[in-house]
Amino acid sequence: MAIQSSPKSPADRNLTLYEAMLEGISDLGCLVYSKELVLYIQARWAGIYASVIPAQIERLMLSRLRKYETEGLRAAQPVLCPALTAVRGEAIFRLMARSDWPLESRLVAATTGRLRYLQITARVCNLLLNEGYRFDNHSPLLKLVSTLARGLPGITVKYEQYDLKSWRDLASELIITISDKDKKIRIDSATSLLTVTYFNEFWGVPEEGMEELGV
Amino acid sequence: MSLAGARGLARISQNPRCDLQTAMVINQVNEVKFYKALTGKEFEGEYGERTSARRRGRMFETNLYQNDAAELRRTLGPRFGYNPEDMSVRNLVDEIPDHMKGARQRRYMRVVQIFASVAAGLKPSSVPHLLIEPQLRLSVSDNHFIYITPDFAIFDPQAECYVVGEVKSMIVRAGSPERADLERARRQAGAEVLALQLLAKQLGIIDRLQDRANFIFASPFGVIPHPPVEENLHAEVSEIRKALESCRRVNSDLEALMGQGSGKDFVTYARTLRFTFQNTCMSSCALLSYCKARISDTTQVLGDEATDAFGPTTELKRLYELMLNPESARSAEEVSLAARLKEAREVLGVDSRPVSERIRVR
């Protein structure tokens, strides 16, 4: 499969890892697991970040979030933060979001796992079909998309065969069947969580808070 | 073989009278380093799983857990009456990765929350269908726990409680894996069932649990899973319960000994602990040569059957004397032994004359 890359701009070459993470999550447009984000970063900025690993970006997210929190999170720039479970607001530290997304977009309800998986599958297929020129090295992204496609119902993925259009179309059809229901659940959960005393919008409910609540 | 978690308890259950092994599990020692500390020599034997087996195991698990555990949902869902596409999943390791401080304790608290929701009869949104690597624990003392991590737990709507499960990449042919492999897996799962029972008891829902677990093995075709196998584990749960009692006893003894402030370390006390050498040690314990050297002149070194027949402390030299000269028996027990040895000589055609008498020099 021939996908053209374009040369990197000076701004791209000077990108810090954290900026690359923020940019990557924005581009993917949904909650992203660290292992998925790593493959995106390796693909997009292969010249600079070819060997970044998930634990590295997880630790970076945590350290920056703590730093911004002590300095006051009302800073203009958004930060990365963990997704939260919809029922109790518990942080999911490998699943990343941006702090400038509304709370309901950072929650994971019972149906969100499935929806998120379909969204990222459709998005990665789309990137490879229409925006491949933005990536230095397509191999990590192809690896990601073939892993994701294995989760689609009725799909058999063959080695190095990428049926991107049909995978994207199938994922998009399935998204339509669950997105409204999932959105409603998350909006209700967000409203409920904001009334919980110990709830922090970015860290969720701390385990210490749970102990004090008699859990 | 590992000493951590359920595997450690499974090892103790196979040899509950070996206080040395129990102490190693309680203190979570690195076996190879402990061997060196105990003997002063490097461990030269084979230890642990082959790299290829570990790699295969990881690939098999990754295949099951990726994409919101799609393959695991497809494998397990129909057995429990679920549409796999409608199942909700929580992966506790994704929620709190291992590199985070206090990860296991924090994961355990989340599992307690989920089980509290089960006990309270809360609606399904609070109770995921599938948990990946839920954290459980068993207490050895008030402040000492053995953390147990089943590979998964699936909510059984009939029983209204979770059933634990193990993922094993061993290949199943003709419907069943190799017996030795299955025995280890069953004991591990027994520890997980016991830990689940402990939590359920604390929340008042113990009556919903049975001594059972689900196993996902591999088919002969790459990393594709075999249909799940459910096993009843009454015997294994009972043996693990005894193993846990051994842990508590040995822990209490060690705390009493080491708490006396003598300043000696665990290795020093380990040398004084009772050990029991048996056949299973040969395939599981790094201290095999250490223990074997200490009983090399007794019947234990000949294996479990000889130990059962002649007693664990009978010296080989004395057995040989009784075999050659039954009249030298000094007790009723030795008289009985001598008679059996004489019978064995006759059956086996053993010539007990010295070699010099047996060789004819031309």
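Note that the structure is a prediction, hence the values are computed from the model and not measured. Proteins come first, then strands; the chains are lettered A, B, ... in the order of their sequence lines, and each starts at number 1.
Annotation: A:Phe202 is not in aromatic contact with A:Tyr68 [ring centroid separation under 6.0 Å not met].
Heavy-atom proximity under 4.5 angstrom to chain A picks out B:Glu85, B:Ser88 from residues 77-89 of chain B. Taking 4.5 Å as the heavy-atom cut-off, none of the residues of residues 148-157 of chain B approach chain A.
A:Lys184 meets the salt bridge (Lys or Arg N to Asp or Glu O under 4.0 Å) test with A:Asp188; sequence neighbours excluded. For B:Ser252, the side-chain contact (heavy atoms from CB on, under 4.5 Å) criterion is met by no residue, not counting sequence neighbours.
Between chain A and the residues B:His129, B:Arg73, B:Arg74, B:Gln66, the most heavy-atom pairs under 4.5 angstrom are made by B:Arg74. Most heavy-atom pairs under 4.5 Å with chain A, from the set B:Asn91, B:Leu122, B:Val93, B:Asp98: that is B:Val93. The candidate from B:Pro128, B:Ala70, B:Ser126 with the greatest count of non-hydrogen atom pairs under 4.5 Å with chain A is B:Ser126.
Note on B:Asp68 versus B:Arg90: no salt bridge recorded, every NZ/NE/NH1/NH2 to OD/OE distance being 4.0 Å or above. Note on A:Glu58 versus A:Lys35: no salt bridge recorded, every NZ/NE/NH1/NH2 to OD/OE distance being 4.0 Å or above. By the 4.0 Å N-to-carboxylate-O rule, A:Arg106 lies close enough to A:Glu201 to be salt-bridged with it.
Heavy atoms of B:Ser117 lying under 4.5 Å from chain A belong exclusively to its side chain. The part of A:Leu62 that comes within reach of chain B is its side chain, from C-beta onward, which places non-hydrogen atoms under 4.5 angstrom from that chain. Interface remark: A:Thr85 contributes side-chain atoms only to the contact with chain B (heavy atom separation under 4.5 Å). At a 4.5 Å heavy-atom cutoff, the contact between B:Asp94 and chain A is made by backbone and side-chain atoms alike. There is no contact between A:Arg116 and chain B, counting heavy-atom distances below 4.5 Å.
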Check the pair A:Lys183 / A:Glu104 against side-chain contact (heavy atoms from CB on, under 4.5 Å), numbers first and verdict last.
-> CA-CA 8 Å; A:Lys183 188 173 178 182; A:Glu104 62 267 17; 5.9 Å; no
Verify side-chain contact (heavy atoms from CB on, under 4.5 Å) between A:His138 and A:Leu142, making sure each step is shown before the conclusion.
-> CA-CA 6 Å; A:His138 302 112; A:Leu142 290 170; 4.3 Å; yes
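Counting only N and O atoms by type, the side chains of B:Gln188 and B:Lys168 include a donor and acceptor under 3.5 Å apart.
The salt bridge (Lys or Arg N to Asp or Glu O under 4.0 Å) test with B:Arg212 singles out one residue from B:Glu192, B:Glu230, B:Glu166, and that residue is B:Glu230.
Between A:Phe93 and A:Trp203, the ring planes are tilted. Angles from 30° to 60° get that label.
For the pair B:Arg137 and B:Phe145, the distance from NZ or CZ to the six-membered ring centre is under 6.0 Å and the angle to the ring normal is within 45 degrees.
Summarising the geometry of A:Gln161 relative to A:Trp167, their closest heavy-atom pair is O-CH2, 3.6 Å, with the distance given to 0.1 Å.
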